[in-house]
Amino acid sequence: MRRGLSRLTQPTLVLVSGEDEVFLPEAYAPLYAKYCKAEVEVLPGHDHDEIVSSDKALEAVRAWWWRLPF
């Protein structure tokens, strides 16, 4: 995993479900910060599957996109 994450050199957004039943949401930011500069955003109140169809997730992606330095 470490080797893969360190290869992320392009702007990257990682969306995490705040109420995920499968993964630990609080583990993402420290992990990514250790190996790359990916931006991690936790969406409170979202479960593991809900994040893929959430308007809040789409808004987060849209906001991140407009912050990119083109």
Mind checking the CG-NZ spacing from Leu8 to Lys37? Nearest 0.5 Å is all I need. 12.5 Å
Hey, could you give me the CG/CG distance between Leu31 and Leu5, rounded to the nearest 0.5 Å? 5.5 Å
Which residues pass the side-chain hydrogen bond (donor to acceptor under 3.5 Å, both in side chains) test with Glu50, not counting sequence neighbours? none
Please output the side-chain donor-acceptor pairs of residues 54-65 that fall under 3.5 Å, not counting sequence neighbours, one pair per line with the distance.
residue, atom, partner, partner atom, Å
Ser54, OG, His46, NE2, 2.6
Ser54, OG, Lys56, N, 3.0
Ser54, OG, Ala57, N, 3.2

Would you tabulate the side-chain donor-acceptor contacts of residues 11-27 under 3.5 Å, counting partners in other chains and residues two or more places apart, or write 'none'?
residue, atom, partner, partner atom, Å
Thr12, OG1, Gln10, O, 2.8
Ser17, OG, Asp47, O, 2.8
Asp20, OD1, Val22, N, 2.6
Asp20, OD1, Phe23, N, 3.1
Asp20, OD1, His48, ND1, 3.0
Asp20, OD2, His48, ND1, 2.9
Glu21, OE1, His48, N, 3.1

